[in-house]
Number of protein chains: 2
Amino acid sequence: MLPSHLNGHSALGRRRPRLSAAAGESPAAAGVEAAAPLEEHDRIYFQAYSHLGIHETMIKDRVRTDAYHAAIMRHQKFIEGKVVLDVGCGTGILSVFCARAGAKRVYAVEACEIVVQAREIVKANNLTDQIVVIHGRVEDVDLEEKVDVIISEWMGYMLLYESMLPSVLFARDKWLKPGGLILPSHATLFMAPVTNRERYEDSVDFWRDVYGINMSALVPLAKKFTSEEPSIETIGGENVISWPSVCARYSSSASIAIILQLRNSNLSLQNTKFHQ
Amino acid sequence: MLPSHLNGHSALGRRRPRLSAAAGESPAAAGVEAAAPLEEHDRIYFQAYSHLGIHETMIKDRVRTDAYHAAIMRHQKFIEGKVVLDVGCGTGILSVFCARAGAKRVYAVEACEIVVQAREIVKANNLTDQIVVIHGRVEDVDLEEKVDVIISEWMGYMLLYESMLPSVLFARDKWLKPGGLILPSHATLFMAPVTNRERYEDSVDFWRDVYGINMSALVPLAKKFTSEEPSIETIGGENVISWPSVCARYSSSASIAIILQLRNSNLSLQNTKFHQ
(Lines give C-alpha, C1' and ligand atoms only; values in the text may rest on other atoms or scores of the structure.)
Protein backbone atom coordinates (compact mmCIF):
# COMPACT_ATOMS: atom_id res chain seq x y z
CA MET A 1 0.00 0.00 0.00
CA LEU A 2 2.89 2.37 0.64
CA PRO A 3 4.70 4.11 -2.19
CA SER A 4 7.70 2.04 -3.18
CA HIS A 5 10.16 4.74 -2.19
CA LEU A 6 8.85 4.59 1.37
CA ASN A 7 9.30 0.86 1.44
CA GLY A 8 12.77 1.23 0.07
CA HIS A 9 13.63 3.87 2.56
CA SER A 10 12.49 1.88 5.53
CA ALA A 11 14.35 -1.16 4.25
CA LEU A 12 17.55 0.80 4.58
CA GLY A 13 17.03 1.16 8.27
CA ARG A 14 15.82 -2.38 8.76
CA ARG A 15 18.98 -4.10 7.66
CA ARG A 16 20.53 -6.15 10.43
CA PRO A 17 21.96 -4.01 13.19
CA ARG A 18 25.43 -4.74 14.49
CA LEU A 19 26.06 -6.06 17.96
CA SER A 20 23.62 -4.05 20.10
CA ALA A 21 23.00 -5.84 23.38
CA ALA A 22 25.53 -8.56 22.74
CA ALA A 23 28.40 -6.12 22.35
CA GLY A 24 29.00 -5.80 26.05
CA GLU A 25 29.09 -9.47 26.70
CA SER A 26 32.43 -11.06 27.44
CA PRO A 27 33.29 -13.57 24.75
CA ALA A 28 35.32 -15.45 27.32
CA ALA A 29 32.15 -15.93 29.35
CA ALA A 30 30.32 -17.16 26.25
CA GLY A 31 33.10 -19.60 25.61
CA VAL A 32 33.87 -21.73 22.60
CA GLU A 33 30.95 -24.06 21.94
CA ALA A 34 30.01 -23.91 25.62
CA ALA A 35 26.28 -24.36 26.09
CA ALA A 36 24.83 -21.26 27.76
CA PRO A 37 23.51 -21.87 31.29
CA LEU A 38 19.82 -22.68 31.22
CA GLU A 39 18.54 -19.37 32.60
CA GLU A 40 20.84 -17.49 30.23
CA HIS A 41 19.52 -19.65 27.40
CA ASP A 42 15.94 -18.81 28.33
CA ARG A 43 16.73 -15.13 28.58
CA ILE A 44 18.30 -14.80 25.18
CA TYR A 45 16.40 -17.42 23.23
CA PHE A 46 13.75 -15.00 22.07
CA GLN A 47 15.91 -11.91 21.86
CA ALA A 48 16.71 -12.72 18.25
CA TYR A 49 12.97 -12.42 17.66
CA SER A 50 12.98 -8.83 16.48
CA HIS A 51 15.67 -9.48 13.89
CA LEU A 52 14.30 -12.70 12.45
CA GLY A 53 12.71 -10.91 9.49
CA ILE A 54 16.13 -9.56 8.56
CA HIS A 55 17.63 -13.03 8.32
CA GLU A 56 14.60 -14.19 6.37
CA THR A 57 15.05 -11.33 3.91
CA MET A 58 18.76 -12.01 3.49
CA ILE A 59 18.42 -15.76 2.99
CA LYS A 60 15.49 -15.34 0.60
CA ASP A 61 17.64 -13.03 -1.51
CA ARG A 62 18.49 -15.86 -3.87
CA VAL A 63 20.99 -13.84 -5.89
CA ARG A 64 22.97 -13.32 -2.69
CA THR A 65 22.63 -16.79 -1.18
CA ASP A 66 23.10 -18.64 -4.46
CA ALA A 67 26.26 -16.62 -5.17
CA TYR A 68 27.77 -17.64 -1.82
CA HIS A 69 26.79 -21.25 -2.36
CA ALA A 70 28.30 -21.25 -5.85
CA ALA A 71 31.50 -19.56 -4.65
CA ILE A 72 31.95 -22.13 -1.88
CA MET A 73 31.42 -25.04 -4.25
CA ARG A 74 33.77 -23.47 -6.83
CA HIS A 75 36.49 -23.33 -4.16
CA GLN A 76 35.70 -26.75 -2.72
CA LYS A 77 39.21 -28.05 -3.34
CA PHE A 78 40.60 -25.17 -1.28
CA ILE A 79 38.05 -25.64 1.51
CA GLU A 80 38.14 -29.45 1.82
CA GLY A 81 39.99 -30.54 4.96
CA LYS A 82 40.74 -26.91 5.84
CA VAL A 83 39.86 -24.52 8.68
CA VAL A 84 37.29 -21.78 7.97
CA LEU A 85 36.28 -18.66 9.90
CA ASP A 86 32.75 -17.31 9.25
CA VAL A 87 32.67 -13.69 10.42
CA GLY A 88 29.16 -12.70 11.55
CA CYS A 89 27.59 -16.09 10.83
CA GLY A 90 23.99 -15.11 11.62
CA THR A 91 21.85 -18.25 11.31
CA GLY A 92 24.99 -20.15 10.30
CA ILE A 93 23.95 -20.92 6.74
CA LEU A 94 27.36 -20.16 5.20
CA SER A 95 29.12 -22.22 7.85
CA VAL A 96 26.89 -25.17 6.98
CA PHE A 97 27.68 -24.68 3.28
CA CYS A 98 31.41 -24.79 4.12
CA ALA A 99 31.02 -27.87 6.32
CA ARG A 100 29.20 -29.60 3.50
CA ALA A 101 32.02 -28.61 1.16
CA GLY A 102 34.27 -30.66 3.42
CA ALA A 103 35.83 -28.12 5.79
CA LYS A 104 37.64 -29.84 8.65
CA ARG A 105 36.50 -27.13 11.05
CA VAL A 106 34.41 -23.96 10.78
CA TYR A 107 34.56 -21.27 13.46
CA ALA A 108 31.15 -19.55 13.21
CA VAL A 109 31.43 -16.25 15.07
CA GLU A 110 28.36 -14.13 15.78
CA ALA A 111 27.88 -11.32 18.30
CA CYS A 112 24.07 -11.09 18.10
CA GLU A 113 21.61 -13.27 19.96
CA ILE A 114 20.71 -15.27 16.84
CA VAL A 115 23.80 -17.29 17.76
CA VAL A 116 21.58 -19.38 20.06
CA GLN A 117 19.58 -20.58 17.09
CA ALA A 118 22.71 -20.99 14.96
CA ARG A 119 24.05 -23.42 17.57
CA GLU A 120 20.81 -25.41 17.47
CA ILE A 121 20.85 -25.51 13.69
CA VAL A 122 24.37 -26.93 13.77
CA LYS A 123 23.21 -29.65 16.19
CA ALA A 124 20.07 -30.42 14.20
CA ASN A 125 22.19 -30.99 11.10
CA ASN A 126 24.72 -33.20 12.94
CA LEU A 127 27.61 -30.85 12.27
CA THR A 128 28.87 -30.27 15.81
CA ASP A 129 32.09 -32.12 14.94
CA GLN A 130 32.83 -29.63 12.19
CA ILE A 131 31.26 -26.32 13.22
CA VAL A 132 32.23 -24.44 16.39
CA VAL A 133 29.70 -21.69 17.12
CA ILE A 134 31.15 -18.80 19.12
CA HIS A 135 29.14 -15.99 20.69
CA GLY A 136 31.18 -12.79 20.58
CA ARG A 137 32.76 -10.13 18.42
CA VAL A 138 35.42 -11.39 16.05
CA GLU A 139 37.71 -8.70 17.49
CA ASP A 140 37.46 -10.38 20.91
CA VAL A 141 37.24 -14.12 20.28
CA ASP A 142 40.18 -16.43 20.80
CA LEU A 143 40.51 -19.25 18.26
CA GLU A 144 42.66 -22.32 18.81
CA GLU A 145 44.38 -22.00 15.46
CA LYS A 146 44.92 -19.84 12.42
CA VAL A 147 42.49 -20.38 9.54
CA ASP A 148 42.85 -21.18 5.83
CA VAL A 149 39.64 -19.49 4.72
CA ILE A 150 37.59 -16.49 5.86
CA ILE A 151 34.03 -16.21 4.64
CA SER A 152 31.67 -13.38 5.52
CA GLU A 153 28.58 -11.68 4.25
CA TRP A 154 29.63 -8.18 5.20
CA MET A 155 28.10 -6.23 2.31
CA GLY A 156 25.30 -3.77 3.00
CA TYR A 157 23.42 -1.31 0.89
CA MET A 158 25.82 0.78 -1.19
CA LEU A 159 28.29 -2.02 -0.42
CA LEU A 160 29.54 -0.48 2.81
CA TYR A 161 26.38 0.50 4.66
CA GLU A 162 26.74 -2.05 7.43
CA SER A 163 30.25 -0.94 8.36
CA MET A 164 31.13 -4.57 8.90
CA LEU A 165 34.13 -4.71 6.57
CA PRO A 166 36.61 -3.52 9.23
CA SER A 167 35.76 -6.61 11.28
CA VAL A 168 36.56 -8.85 8.32
CA LEU A 169 39.87 -7.07 7.74
CA PHE A 170 40.68 -7.37 11.44
CA ALA A 171 40.00 -11.12 11.26
CA ARG A 172 42.17 -11.37 8.13
CA ASP A 173 45.12 -9.68 9.81
CA LYS A 174 44.80 -11.66 13.04
CA TRP A 175 43.64 -15.12 12.00
CA LEU A 176 44.21 -15.81 8.30
CA LYS A 177 47.25 -17.90 7.33
CA PRO A 178 49.52 -16.37 4.67
CA GLY A 179 48.09 -17.18 1.24
CA GLY A 180 44.68 -17.95 2.74
CA LEU A 181 41.41 -17.47 0.89
CA ILE A 182 38.85 -14.74 1.55
CA LEU A 183 35.33 -15.02 0.17
CA PRO A 184 34.51 -12.58 -1.26
CA SER A 185 37.95 -11.20 -2.07
CA HIS A 186 36.96 -8.36 -4.36
CA ALA A 187 34.05 -5.98 -4.67
CA THR A 188 33.31 -3.15 -7.06
CA LEU A 189 30.72 -0.46 -6.52
CA PHE A 190 29.25 1.03 -9.67
CA MET A 191 27.21 4.19 -9.89
CA ALA A 192 25.06 5.44 -12.72
CA PRO A 193 22.49 8.19 -13.18
CA VAL A 194 18.96 6.85 -13.48
CA THR A 195 15.60 8.23 -14.39
CA ASN A 196 12.20 6.98 -13.36
CA ARG A 197 9.43 8.83 -15.13
CA GLU A 198 6.71 6.68 -13.63
CA ARG A 199 7.89 7.36 -10.08
CA TYR A 200 8.28 11.04 -10.83
CA GLU A 201 4.78 11.35 -12.23
CA ASP A 202 3.36 9.34 -9.36
CA SER A 203 5.11 11.26 -6.58
CA VAL A 204 5.73 14.75 -7.97
CA ASP A 205 3.31 15.49 -10.80
CA PHE A 206 0.59 13.87 -8.72
CA TRP A 207 0.27 17.04 -6.65
CA ARG A 208 -0.53 19.29 -9.62
CA ASP A 209 -4.14 18.09 -9.71
CA VAL A 210 -5.57 16.16 -6.74
CA TYR A 211 -9.32 15.68 -7.00
CA GLY A 212 -9.34 18.80 -9.18
CA ILE A 213 -7.42 20.80 -6.54
CA ASN A 214 -4.18 22.57 -7.46
CA MET A 215 -1.75 21.25 -4.84
CA SER A 216 1.40 22.39 -6.65
CA ALA A 217 2.57 23.98 -3.42
CA LEU A 218 3.70 20.47 -2.49
CA VAL A 219 5.76 19.95 -5.65
CA PRO A 220 9.00 21.44 -4.23
CA LEU A 221 8.72 19.17 -1.19
CA ALA A 222 7.97 16.15 -3.36
CA LYS A 223 10.98 16.88 -5.59
CA LYS A 224 13.21 17.16 -2.55
CA PHE A 225 11.84 13.92 -1.16
CA THR A 226 12.15 12.05 -4.46
CA SER A 227 15.68 13.17 -5.25
CA GLU A 228 17.27 13.13 -1.80
CA GLU A 229 15.86 10.14 0.02
CA PRO A 230 17.70 6.87 -0.59
CA SER A 231 15.58 4.29 -2.34
CA ILE A 232 16.33 0.56 -2.52
CA GLU A 233 14.56 -1.02 -5.45
CA THR A 234 15.02 -3.00 -8.62
CA ILE A 235 14.68 -0.94 -11.77
CA GLY A 236 14.83 -1.89 -15.43
CA GLY A 237 17.81 -1.23 -17.67
CA GLU A 238 15.75 1.28 -19.62
CA ASN A 239 15.95 3.62 -16.62
CA VAL A 240 19.76 3.73 -16.60
CA ILE A 241 20.69 6.75 -18.68
CA SER A 242 24.47 6.52 -18.86
CA TRP A 243 27.25 3.94 -18.60
CA PRO A 244 27.91 2.91 -15.01
CA SER A 245 31.06 4.29 -13.48
CA VAL A 246 33.23 2.54 -10.87
CA CYS A 247 33.25 4.62 -7.72
CA ALA A 248 34.73 2.16 -5.19
CA ARG A 249 36.81 -0.99 -5.31
CA TYR A 250 37.64 -3.38 -2.50
CA SER A 251 40.40 -5.92 -2.68
CA SER A 252 41.14 -8.17 0.26
CA SER A 253 44.84 -8.08 -0.56
CA ALA A 254 45.21 -4.32 -0.94
CA SER A 255 47.00 -2.58 1.89
CA ILE A 256 44.41 0.16 1.67
CA ALA A 257 41.23 -1.81 1.61
CA ILE A 258 38.89 0.64 0.02
CA ILE A 259 39.86 2.87 -2.84
CA LEU A 260 37.22 5.46 -3.43
CA GLN A 261 37.30 6.84 -6.91
CA LEU A 262 34.60 9.42 -6.74
CA ARG A 263 34.12 10.97 -10.11
CA ASN A 264 32.59 14.30 -9.44
CA SER A 265 31.56 14.88 -13.00
CA ASN A 266 29.24 11.89 -12.80
CA LEU A 267 28.08 12.34 -9.24
CA SER A 268 26.95 15.91 -9.79
CA LEU A 269 24.14 14.74 -12.03
CA GLN A 270 20.85 15.54 -10.35
CA ASN A 271 17.77 13.47 -10.77
CA THR A 272 15.72 16.61 -11.24
CA LYS A 273 17.79 17.77 -14.20
CA PHE A 274 16.12 15.17 -16.35
CA HIS A 275 12.61 16.19 -15.48
CA GLN A 276 12.45 19.95 -15.26
CA MET B 1 11.51 -7.11 -1.80
CA LEU B 2 10.65 -7.23 1.90
CA PRO B 3 8.13 -9.71 3.26
CA SER B 4 4.71 -8.11 3.36
CA HIS B 5 4.46 -8.38 7.13
CA LEU B 6 7.55 -6.21 7.45
CA ASN B 7 6.05 -3.62 5.18
CA GLY B 8 2.84 -3.75 7.13
CA HIS B 9 4.63 -3.42 10.41
CA SER B 10 6.64 -0.44 9.34
CA ALA B 11 3.51 1.22 8.00
CA LEU B 12 2.09 1.18 11.49
CA GLY B 13 4.91 3.33 12.75
CA ARG B 14 4.92 5.58 9.73
CA ARG B 15 1.44 6.93 10.10
CA ARG B 16 1.44 10.68 10.57
CA PRO B 17 2.83 11.72 13.93
CA ARG B 18 0.96 14.17 16.06
CA LEU B 19 2.22 17.64 16.79
CA SER B 20 5.94 17.07 17.36
CA ALA B 21 7.89 20.28 16.88
CA ALA B 22 4.86 22.44 16.35
CA ALA B 23 3.35 21.58 19.71
CA GLY B 24 5.36 24.13 21.59
CA GLU B 25 4.51 26.98 19.29
CA SER B 26 2.09 29.60 20.48
CA PRO B 27 -1.00 29.62 18.29
CA ALA B 28 -1.40 33.27 19.10
CA ALA B 29 1.99 33.91 17.49
CA ALA B 30 0.93 31.98 14.40
CA GLY B 31 -2.23 34.03 14.24
CA VAL B 32 -5.36 33.56 12.21
CA GLU B 33 -4.48 33.66 8.52
CA ALA B 34 -1.47 35.83 9.37
CA ALA B 35 1.40 35.22 6.97
CA ALA B 36 4.42 33.92 8.86
CA PRO B 37 7.38 36.31 8.89
CA LEU B 38 9.74 35.55 6.02
CA GLU B 39 12.54 33.98 8.02
CA GLU B 40 10.01 31.86 9.91
CA HIS B 41 8.48 30.85 6.59
CA ASP B 42 11.88 29.80 5.27
CA ARG B 43 12.64 27.84 8.41
CA ILE B 44 9.51 25.79 8.41
CA TYR B 45 8.80 25.52 4.70
CA PHE B 46 10.74 22.30 4.33
CA GLN B 47 10.06 20.86 7.75
CA ALA B 48 6.97 19.15 6.37
CA TYR B 49 9.35 17.35 4.03
CA SER B 50 9.75 14.23 6.12
CA HIS B 51 6.02 13.71 6.41
CA LEU B 52 5.07 14.31 2.82
CA GLY B 53 4.93 10.61 2.03
CA ILE B 54 2.35 10.18 4.77
CA HIS B 55 0.01 12.73 3.19
CA GLU B 56 0.58 11.13 -0.19
CA THR B 57 -0.34 7.74 1.22
CA MET B 58 -3.48 9.08 2.90
CA ILE B 59 -4.75 11.03 -0.10
CA LYS B 60 -4.03 8.15 -2.48
CA ASP B 61 -6.14 5.90 -0.27
CA ARG B 62 -9.14 6.35 -2.55
CA VAL B 63 -11.54 4.46 -0.28
CA ARG B 64 -10.76 6.97 2.44
CA THR B 65 -10.67 10.14 0.35
CA ASP B 66 -13.66 9.20 -1.82
CA ALA B 67 -15.70 8.43 1.31
CA TYR B 68 -15.01 11.90 2.72
CA HIS B 69 -15.81 13.54 -0.60
CA ALA B 70 -19.06 11.59 -0.89
CA ALA B 71 -20.07 12.38 2.71
CA ILE B 72 -19.47 16.10 2.18
CA MET B 73 -21.50 16.15 -1.02
CA ARG B 74 -24.28 14.13 0.61
CA HIS B 75 -24.50 16.76 3.35
CA GLN B 76 -24.11 19.70 0.99
CA LYS B 77 -27.43 21.25 2.07
CA PHE B 78 -26.22 21.27 5.65
CA ILE B 79 -22.80 22.70 4.73
CA GLU B 80 -23.89 25.36 2.23
CA GLY B 81 -23.61 28.83 3.74
CA LYS B 82 -22.43 27.38 7.06
CA VAL B 83 -19.26 27.53 9.17
CA VAL B 84 -17.01 24.45 9.23
CA LEU B 85 -14.09 23.46 11.47
CA ASP B 86 -11.54 21.01 9.98
CA VAL B 87 -9.60 19.46 12.87
CA GLY B 88 -6.07 18.50 11.75
CA CYS B 89 -6.50 19.66 8.16
CA GLY B 90 -3.12 18.42 6.88
CA THR B 91 -2.79 19.53 3.26
CA GLY B 92 -6.27 21.06 3.53
CA ILE B 93 -8.00 18.74 1.09
CA LEU B 94 -11.15 18.25 3.20
CA SER B 95 -11.39 22.02 3.78
CA VAL B 96 -11.30 22.58 0.04
CA PHE B 97 -14.01 19.95 -0.44
CA CYS B 98 -16.18 21.81 2.11
CA ALA B 99 -15.50 25.19 0.49
CA ARG B 100 -16.53 23.76 -2.84
CA ALA B 101 -19.68 22.39 -1.22
CA GLY B 102 -20.52 26.03 -0.44
CA ALA B 103 -19.34 26.55 3.13
CA LYS B 104 -19.40 30.23 4.08
CA ARG B 105 -16.22 29.77 6.09
CA VAL B 106 -13.89 26.87 6.91
CA TYR B 107 -11.47 27.05 9.82
CA ALA B 108 -8.65 24.68 8.81
CA VAL B 109 -6.63 23.93 11.95
CA GLU B 110 -3.31 22.10 11.77
CA ALA B 111 -0.49 21.88 14.32
CA CYS B 112 2.15 20.36 12.04
CA GLU B 113 4.39 22.26 9.63
CA ILE B 114 2.43 21.07 6.58
CA VAL B 115 0.16 24.02 7.44
CA VAL B 116 2.51 26.24 5.40
CA GLN B 117 1.70 24.31 2.27
CA ALA B 118 -2.00 24.08 3.17
CA ARG B 119 -2.09 27.89 3.24
CA GLU B 120 -0.48 28.05 -0.19
CA ILE B 121 -2.91 25.50 -1.58
CA VAL B 122 -5.82 27.61 -0.35
CA LYS B 123 -4.35 30.66 -2.09
CA ALA B 124 -3.61 28.77 -5.32
CA ASN B 125 -7.22 27.67 -5.48
CA ASN B 126 -8.58 31.18 -4.79
CA LEU B 127 -10.30 30.12 -1.59
CA THR B 128 -8.81 32.62 0.86
CA ASP B 129 -12.23 34.26 1.26
CA GLN B 130 -13.71 31.01 2.48
CA ILE B 131 -10.87 29.07 4.17
CA VAL B 132 -8.99 30.37 7.21
CA VAL B 133 -5.85 28.31 7.80
CA ILE B 134 -4.72 28.32 11.43
CA HIS B 135 -1.41 26.96 12.69
CA GLY B 136 -1.92 25.48 16.15
CA ARG B 137 -3.53 22.77 18.23
CA VAL B 138 -7.31 22.79 18.18
CA GLU B 139 -7.17 22.82 21.98
CA ASP B 140 -5.38 26.19 21.86
CA VAL B 141 -6.82 28.08 18.90
CA ASP B 142 -9.31 30.87 19.31
CA LEU B 143 -12.03 31.01 16.65
CA GLU B 144 -14.19 34.07 16.04
CA GLU B 145 -17.41 32.10 16.14
CA LYS B 146 -19.03 28.75 16.91
CA VAL B 147 -19.28 26.32 14.02
CA ASP B 148 -22.10 24.38 12.36
CA VAL B 149 -19.98 21.48 11.14
CA ILE B 150 -16.85 19.68 12.37
CA ILE B 151 -14.98 17.51 9.92
CA SER B 152 -11.86 15.53 10.72
CA GLU B 153 -9.89 12.55 9.53
CA TRP B 154 -8.92 11.32 12.96
CA MET B 155 -9.03 7.56 12.36
CA GLY B 156 -5.82 5.55 12.58
CA TYR B 157 -5.01 1.89 12.39
CA MET B 158 -7.35 -0.12 14.60
CA LEU B 159 -9.53 3.00 14.44
CA LEU B 160 -7.92 4.67 17.45
CA TYR B 161 -4.20 4.30 16.83
CA GLU B 162 -3.52 7.98 16.24
CA SER B 163 -5.07 9.05 19.53
CA MET B 164 -6.53 12.06 17.74
CA LEU B 165 -10.18 11.50 18.68
CA PRO B 166 -9.90 13.38 22.00
CA SER B 167 -8.99 16.52 20.04
CA VAL B 168 -12.13 16.16 17.92
CA LEU B 169 -14.28 15.68 21.02
CA PHE B 170 -12.63 18.70 22.62
CA ALA B 171 -13.46 20.75 19.53
CA ARG B 172 -17.04 19.46 19.59
CA ASP B 173 -17.56 20.51 23.21
CA LYS B 174 -15.95 23.91 22.78
CA TRP B 175 -16.88 25.03 19.27
CA LEU B 176 -19.83 23.08 17.83
CA LYS B 177 -23.25 24.73 17.93
CA PRO B 178 -26.05 22.65 19.48
CA GLY B 179 -27.42 20.30 16.82
CA GLY B 180 -24.31 20.74 14.69
CA LEU B 181 -22.99 18.10 12.30
CA ILE B 182 -19.89 15.97 12.85
CA LEU B 183 -18.34 14.06 9.96
CA PRO B 184 -17.85 11.23 10.64
CA SER B 185 -20.37 10.90 13.46
CA HIS B 186 -20.19 7.15 14.01
CA ALA B 187 -17.55 4.48 13.74
CA THR B 188 -17.59 0.75 14.39
CA LEU B 189 -14.57 -1.45 14.86
CA PHE B 190 -14.99 -5.07 13.86
CA MET B 191 -12.66 -7.89 14.73
CA ALA B 192 -12.47 -11.36 13.26
CA PRO B 193 -10.05 -14.27 13.39
CA VAL B 194 -8.16 -14.76 10.17
CA THR B 195 -5.90 -17.36 8.71
CA ASN B 196 -3.23 -16.95 6.08
CA ARG B 197 -1.79 -20.26 5.03
CA GLU B 198 0.40 -18.73 2.35
CA ARG B 199 2.01 -16.31 4.81
CA TYR B 200 2.43 -19.06 7.36
CA GLU B 201 4.16 -21.36 4.90
CA ASP B 202 6.31 -18.54 3.60
CA SER B 203 7.43 -17.28 7.02
CA VAL B 204 7.23 -20.29 9.35
CA ASP B 205 7.42 -23.51 7.34
CA PHE B 206 10.15 -21.88 5.25
CA TRP B 207 12.70 -22.59 7.99
CA ARG B 208 12.13 -26.35 7.99
CA ASP B 209 14.24 -26.80 4.88
CA VAL B 210 16.49 -23.97 3.69
CA TYR B 211 18.84 -25.04 0.91
CA GLY B 212 18.51 -28.54 2.31
CA ILE B 213 19.42 -27.38 5.83
CA ASN B 214 17.13 -28.12 8.76
CA MET B 215 16.60 -24.66 10.29
CA SER B 216 13.60 -25.66 12.40
CA ALA B 217 15.31 -24.04 15.39
CA LEU B 218 13.94 -20.79 13.98
CA VAL B 219 10.32 -21.99 13.79
CA PRO B 220 9.39 -20.92 17.36
CA LEU B 221 10.76 -17.44 16.67
CA ALA B 222 8.98 -17.26 13.34
CA LYS B 223 5.68 -18.30 14.93
CA LYS B 224 6.07 -15.65 17.59
CA PHE B 225 6.88 -13.04 14.96
CA THR B 226 3.98 -14.04 12.70
CA SER B 227 1.34 -14.16 15.40
CA GLU B 228 2.35 -11.23 17.59
CA GLU B 229 3.54 -8.49 15.27
CA PRO B 230 0.80 -6.23 13.94
CA SER B 231 0.40 -6.48 10.20
CA ILE B 232 -1.45 -3.97 8.03
CA GLU B 233 -2.55 -5.54 4.78
CA THR B 234 -5.48 -6.33 2.55
CA ILE B 235 -6.56 -9.95 2.67
CA GLY B 236 -9.25 -11.85 0.81
CA GLY B 237 -12.56 -12.88 2.34
CA GLU B 238 -11.51 -16.52 2.10
CA ASN B 239 -9.03 -15.86 4.92
CA VAL B 240 -11.69 -14.67 7.39
CA ILE B 241 -12.68 -17.76 9.34
CA SER B 242 -15.57 -16.51 11.47
CA TRP B 243 -18.21 -13.79 11.47
CA PRO B 244 -16.76 -10.42 12.44
CA SER B 245 -17.63 -9.23 15.89
CA VAL B 246 -18.12 -5.60 16.93
CA CYS B 247 -15.52 -4.74 19.53
CA ALA B 248 -15.77 -0.93 19.64
CA ARG B 249 -18.32 1.70 18.69
CA TYR B 250 -17.93 5.44 18.55
CA SER B 251 -20.82 7.84 18.46
CA SER B 252 -20.23 11.58 18.41
CA SER B 253 -23.35 12.16 20.48
CA ALA B 254 -22.68 9.61 23.21
CA SER B 255 -21.69 11.03 26.55
CA ILE B 256 -19.07 8.31 26.78
CA ALA B 257 -17.44 8.55 23.42
CA ILE B 258 -16.03 5.09 23.13
CA ILE B 259 -17.84 1.98 24.18
CA LEU B 260 -15.49 -0.94 24.13
CA GLN B 261 -17.26 -4.22 23.88
CA LEU B 262 -14.42 -6.66 24.10
CA ARG B 263 -15.68 -10.15 23.68
CA ASN B 264 -13.14 -12.36 25.27
CA SER B 265 -14.42 -15.52 23.72
CA ASN B 266 -13.59 -14.16 20.29
CA LEU B 267 -10.45 -12.31 21.15
CA SER B 268 -8.78 -15.29 22.77
CA LEU B 269 -8.53 -17.00 19.39
CA GLN B 270 -4.90 -17.44 18.52
CA ASN B 271 -3.59 -17.40 15.02
CA THR B 272 -1.44 -20.39 15.79
CA LYS B 273 -4.42 -22.50 16.83
CA PHE B 274 -5.35 -22.89 13.22
CA HIS B 275 -1.96 -24.04 12.12
CA GLN B 276 -0.54 -26.31 14.74
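Computed over heavy atoms, backbone and side chain alike; hydrogens, waters and symmetry mates excluded. Residue numbers start from 1 in every chain, and the chains themselves are labelled A, B, ... in the order their sequence lines are given, proteins ahead of strands.
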Practice task
Among B:L127, B:V96, B:V210, single out the residue with the greatest number of heavy-atom pairs under 4.5 Å to chain A.
Solution key: B:V96
Is there side-chain contact between [X] and [Y], with at least one heavy-atom pair below 4.5 Å?
| X | Y | value |
| --- | --- | --- |
| B:W207 | A:I59 | yes |
| B:V219 | B:R208 | yes |
| A:M164 | A:M155 | no |

Exercise for the section: For A:T128 and A:K123, indicate whether the former's side chain and the latter's backbone hold a donor-acceptor pair under 3.5 Å. Expected result: no
Problem - Neighbour count above 12 (heavy atom, 6.0 Å) for B:E198 CD - result: no
Problem - Proximity breakdown for A:F206 and chain B, heavy-atom pairs closer than 4.5 Å - result: side chain
Handout entry: chain B contact via A:I93 - side chain, backbone, both or neither, heavy atoms under 4.5 Å
Key = both
Completion exercise
Heavy atoms of A:S152 and A:D86 approach each other most closely as CA-OD1, 4.4 Å
Exercise for the section: Mind listing the closest non-hydrogen atom pair of A:S216 and A:P220 along with its distance? Expected result: O-CD, 3.5 Å
Handout entry: Side chain, backbone, both or neither of B:N214 within contact of chain A (heavy atoms, under 4.5 Å)
Key = both
Problem - Interatomic distance, B:D202 atom CG to A:K60 atom NZ [nearest 0.5 angstrom] - result: 3.5 Å
Problem - Interface residues of residues 67-76 of chain A facing chain B - non-hydrogen atoms under 4.5 Å apart - result: none
